[in-house]
Amino acid sequence: MKWSKAFIPTVKEDPSDAEVVSHKLMVRAGLMRKLAAGAYSYLPLGYRTLRKIEQIIRREMEAVGALELHMPVIQPGELWERTGRLKAYGPVLMNFTDRHGRRVVLGPTHEEVITTLVADNISSYKQLPLNLYQIQTKFRDEYRPRFGVLRTREFLMKDAYSFHLTIEDLKVTYEKMYQAYCRIFDRCGLDYVIVEAESGPIGGESSHEFMVPTEAGEDTLVRCSCGYAANLERATAATPKTEPKESPKDLRQVHTPGATTIDELTKMLNTPAEQLIKTLVLVGDGKPLAALVRGDHELNEAKLAHAAGVSNVQMADAQTIEKLTGAAVGFAGPVGLSDLPIIADKAVQGMVNAATGANKTDYHLLGVNPGRDFTPSTVADIRLAAPGDRCAKCNGELKFSKGIEVGHVFQPGAKYSDALGAQVLNEKGKNQPVLMGTYGIGLNRIMAAAIETRADEQGIIWPMSIAPFQVILVQLGQSDQVLATAEKLYEDLTARGCEVLWDDRDARPGVKFNDADLIGIPLRITIGEKALAKGNVELKPRTEKQPQLLEPAAAVDTVMRLINS
RNA sequence: CGGAGCGUAGCUCAGCUUGGCUAGAGCGCUGCGUUCGGGACGCAGAGGUCGGAGGUUCAAAUCCUCUCGCUCCGACCA
């Protein structure tokens, strides 16, 4: 492709609305342009990379026996009601009403559609396992699209769904897909870590996320040198050892006017936050419950829901809290709160002479001792891990960092089959629900993550595998000799299957070199009078400083060797 | 949805506080010339409903009200 015939609108300055490196560079290198918040056009150069990522994914999916299909973006809202996800996704679901007054959902994912498909067309265990995937645009009306292409309202996703008779068989495919994902991200040149994850609205127990560590990421990774890795929602920390410094004292009520926050309370009582018990009133599946965490800890609602055996929890409103505790918000405490299930974090269990709310406006209790003054109905890990925490497995120091989620694998099992009636006859002629695994990859995020983690001050540095072109020919000047050499190189390389971008523009060398670096093509061949006087051209990988002088034919051989290595 | 900020040429921005003359700069773009190995220079040009609507005023990019869009922080989420 000649640059003069291409559409590669590079720009010198960072776009004013871009914050992260990948966003800036994708715009500057002419890969994409924004249409509206969370909606981007991919220009020819950017689309080439996206298609290369697609091809890598297709190869690896085929290698593990997944079959490509294509499902509708528009989906009946009724299907989403049946699985309860109309509510679970809430306003994130893009939807509209059609001319007949029916609710239509723009698919954010396709569990409902594929399960219906399988329910209607698979009836025997002999047809299992089955593994289907598609690569398609998904729609999610995000609260806040941001960071360029990292969180958008419309994005390209590879979504796969596998179906099984037994949990063992599901695990076999899950493992295969997990390995295939590793190969995909390896081939895309990403450094990634795999973390244990929460399943969120997809559902299911075991779940892993593929994360690319970078400051630009939105997700928080919690890792330990022993190999433990989880995302923040899932991470478990060792329960801090509290060595009782004093013997239990008597309960004492103190006047604490207006102290409704941990901060105010630590000042007023002159007590460290770790001596306080935070009592939170929540509603789980419509029923109120109390959650207890140490004052310096944060509640993890997903863990709480799990411990309480409910599908989700949310903070109770002020009215409910006042009714249940008999006090204004900020003065709740576990002592005497006998009507509610009390779920205490493990770290609360060993506390001695803690301070809590007194269930009386403007009063707190001192000398509170779990076991003596109140008894939790459940003790579990219900808090968020925090910097400074130790690893639950090896007691090493937990490290916190940011990452971009590029892939996620789940095992929802029978969740959708039960809701949508996907059953098969087993060997004994009895109906049983099909078990499901689901697997997702964000293609745009792969692209952004590759840029984010590999760029330098000059611009993008593509890995060979997903570079829009493998080689850029930089032609300096328009002399007959230069032109003829460029032409020959272009033909020879193209004939050998190499993807070449030929910068034939009548521009100054600096402009061309800077653009070449900006768009990040892995190999650059410079054709100029200087080297050509001795019959040479210059070959320089994007990552190297100094070029190598070679005769054109040798340059072609070297390029092909570098591409195939 | 709460908090903050920003909308002026294709892009990046100045001008707004304290209303006033033909609305500016750099980059990019067009033409001509000189240049040509890491974002050249000269000359001549094209390009603007100052986000939109309403209001105040003799007069609005500038002040007021409403509205739309974008960005960041938070909440929430994959």
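Convention: sequence-line order gives letters A, B, ...; per-chain numbering from 1. Treat the numbers as computed from the prediction; the structure is a model and nothing was measured.
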**Message:** Students often get this wrong, so: under 4.0 angstrom with heavy atoms, is A:Ala531 touching a base, only sugar-phosphate, or nothing?
**Reply:** base
**Item:** Distance, C1' atom - from B:C58 to B:C70, rounded to whole angstrom
**Value:** 37 Å
**Asked** Taking any strand in view, what nucleotide pairs with B:G69 in a Watson-Crick or G-U wobble way, both distances under 3.5 Å?
**Response** B:C6
**Item:** Distance-only donor-acceptor test, A:Arg524 side-chain atoms vs B:G38 base atoms, 3.5 Å
**Value:** yes
**Prompt:** Any donor-acceptor pair under 3.5 Å between the side chain of A:Glu13 and the base of B:G39?
**Reply:** no
**Criterion side-chain contact (heavy atoms from CB on, under 4.5 Å) against A:Gln136, the qualifying member of A:His110, A:Met157, A:Lys158** = A:His110
**Request:** Sequence neighbours left out, what passes salt bridge (charged side-chain N to carboxylate O under 4.0 Å, His left out) with A:Asp504? Give chain and number order.
**Result:** none
**Within 6.0 Å of CD in A:Gln546, more than 12 heavy atoms from elsewhere** = no
**Message:** If I take atom OH in residue A:Tyr89 and atom P in nucleotide B:C76, what distance separates them, rounded to the nearest angstrom?
**Reply:** 17 Å
**Request:** With a 3.5 angstrom cut-off on both distances, give the Watson-Crick or G-U wobble partner of B:C63, or none if there isn't one.
**Result:** B:G55
**Asked** Of the nucleotides B:G28, B:C73, B:G37, which one has an atom closest to the side chain of A:Lys12?
**Response** B:G28
**Item:** Pairwise P distance, B:C72 and B:C63 [rounded to whole Å]
**Value:** 26 Å
**Complete:** note: A:Arg508, atom CZ; B:C41, atom C1'; distance rounded to Å ~ 9 Å
**Asked** Which of parallel (below 30°), tilted (30 to 60°) and perpendicular (above 60°) describes A:Trp80 and A:Tyr89?
**Response** perpendicular
**Donor-acceptor pair between A:Tyr416 and A:Arg82 side chains, under 3.5 angstrom** = no
**Request:** Determine the interatomic distance between C1' on B:C16 and the same-named atom on B:C64; round to the nearest Å.
**Result:** 14 Å
**Message:** Distance check, P atoms only: B:G15 and B:U62, in whole angstrom units.
**Reply:** 15 Å
**Request:** Check every strand shown and say whether A:Arg33 touches a base, only sugar-phosphate, or nothing at a heavy-atom separation below 4.0 Å.
**Result:** nothing
**Asked** Quick one: which of B:C77, B:C76, B:G38 gets closest to the side chain of A:Arg146?
**Response** B:C76
**Prompt:** With a non-hydrogen cut-off below 4.0 angstrom, is A:Pro15 in contact with a base, only sugar-phosphate, or nothing?
**Reply:** sugar-phosphate
**Asked** Heavy atoms under 4.0 Å, any strand shown: does A:Phe210 hit a base, just sugar-phosphate, or nothing?
**Response** nothing
**Atom C1', compared across B:U30 and B:U67: separation rounded to whole Å** = 38 Å
**Prompt:** Rounded to whole angstrom units, what separation is found between the CZ atom of A:Arg28 and the C1' atom of B:G10?
**Reply:** 17 Å
Interface polar pairs with nucleotides 32-34 of chain B, N/O, under 3.5 angstrom:
none

**Asked** What orientation do A:His208 and A:Tyr178 show, parallel under 30°, tilted 30 to 60°, or perpendicular over 60°?
**Response** perpendicular
**Candidate nucleotides B:C73, B:G37, B:U12, ranked by approach to the side chain of A:Ser16 - the nearest** = B:U12
**Request:** Figure out the NZ/P separation between A:Lys545 and B:G37, and round it to whole Å.
**Result:** 19 Å
**A:Arg140/A:Glu154 ion pair, N-O < 4.0 Å** = no
**Fill in**
Here the distance between atom P of B:C27 and atom CG of A:Asp14, to the nearest Å, is 18 Å
**Message:** So for A:Glu538 and B:G37, does any side-chain atom that can act as donor or acceptor lie under 3.5 Å from a complementary atom in the base?
**Reply:** yes
**Request:** Give A:Gly477 one of three labels, base, sugar-phosphate or nothing, depending on what nucleic acid heavy atoms sit under 4.0 Å from its own.
**Result:** nothing
**Message:** Using whole Å, what does the distance between atom P of nucleotide B:G37 and atom CG of A:Leu549 come to?
**Reply:** 16 Å
**Request:** Quote, to the nearest angstrom, the C1' distance that separates B:U8 from B:G48.
**Result:** 8 Å
**Fill in**
To the nearest angstrom, the CG-P distance between A:Asp17 and B:C11 comes to 10 Å
**Fill in**
Of B:A75, B:G37, B:G38, the nucleotide closest to the side chain of A:Thr526 is B:G37
**Request:** Both distances under 3.5 Å, Watson-Crick or G-U wobble: report the partner of B:U18, or none.
**Result:** none
**Prompt:** Can a donor-acceptor pair under 3.5 Å be found between the side-chain atoms of A:Arg140 and the base atoms of B:C77?
**Reply:** no
**Prompt:** In chain order, what residues pass the side chain to side chain contact (heavy atoms under 4.5 Å, CB included) check against A:Arg187, with sequence neighbours excluded?
**Reply:** A:Ile56, A:Arg59, A:Glu60
**Distance-only side-chain donor-acceptor flag, A:Asn444 / A:Tyr42, under 3.5 Å** = yes
**Message:** Please report the distance separating the C1' of B:C41 from the corresponding atom of B:G10, rounded so that it comes out in whole Å.
**Reply:** 23 Å
**Message:** Please report the distance separating the P of B:G47 from the corresponding atom of B:A9, rounded so that it comes out in whole Å.
**Reply:** 15 Å
**Complete:** The answer to which of A:Arg144 and A:Phe513 contacts RNA chain B further toward the 5' end, by nearest nucleotide, is A:Phe513
**Item:** Partner of A:His23 under side-chain contact (heavy atoms from CB on, under 4.5 Å), chosen from A:Val21, A:Leu25, A:Val27
**Value:** A:Val27
**Asked** Considering Watson-Crick and G-U wobble pairs with both distances under 3.5 Å, what does B:C43 pair with?
**Response** B:G31
**Message:** Nearest to the side chain of A:Phe147, heavy atoms from C-beta on, is which of B:U35, B:G37, B:C73?
**Reply:** B:C73
**Message:** Please report the distance, rounded to the nearest Å, between CD in A:Glu529 and P in B:U35.
**Reply:** 16 Å
**Asked** Is A:Phe469 close to A:Val500 at the side-chain level, that is, under 4.5 Å between some pair of heavy atoms?
**Response** no
**Touch class at under 4.0 angstrom, heavy-atom based, for A:Lys34 against every strand present** = sugar-phosphate
**Nearest-nucleotide comparison on RNA chain B, the residue closer to the 5′ end among A:Glu142 and A:Gly528** = A:Gly528
**Closest listed nucleotide, where the reference is the side chain of A:Ala37 and the choices are B:C70, B:G39, B:C76** = B:C70
**Message:** Base, sugar-phosphate or nothing for A:Val511? Non-hydrogen atoms, less than 4.0 Å.
**Reply:** base
**Prompt:** With a non-hydrogen cut-off below 4.0 angstrom, is A:Asn514 in contact with a base, only sugar-phosphate, or nothing?
**Reply:** base
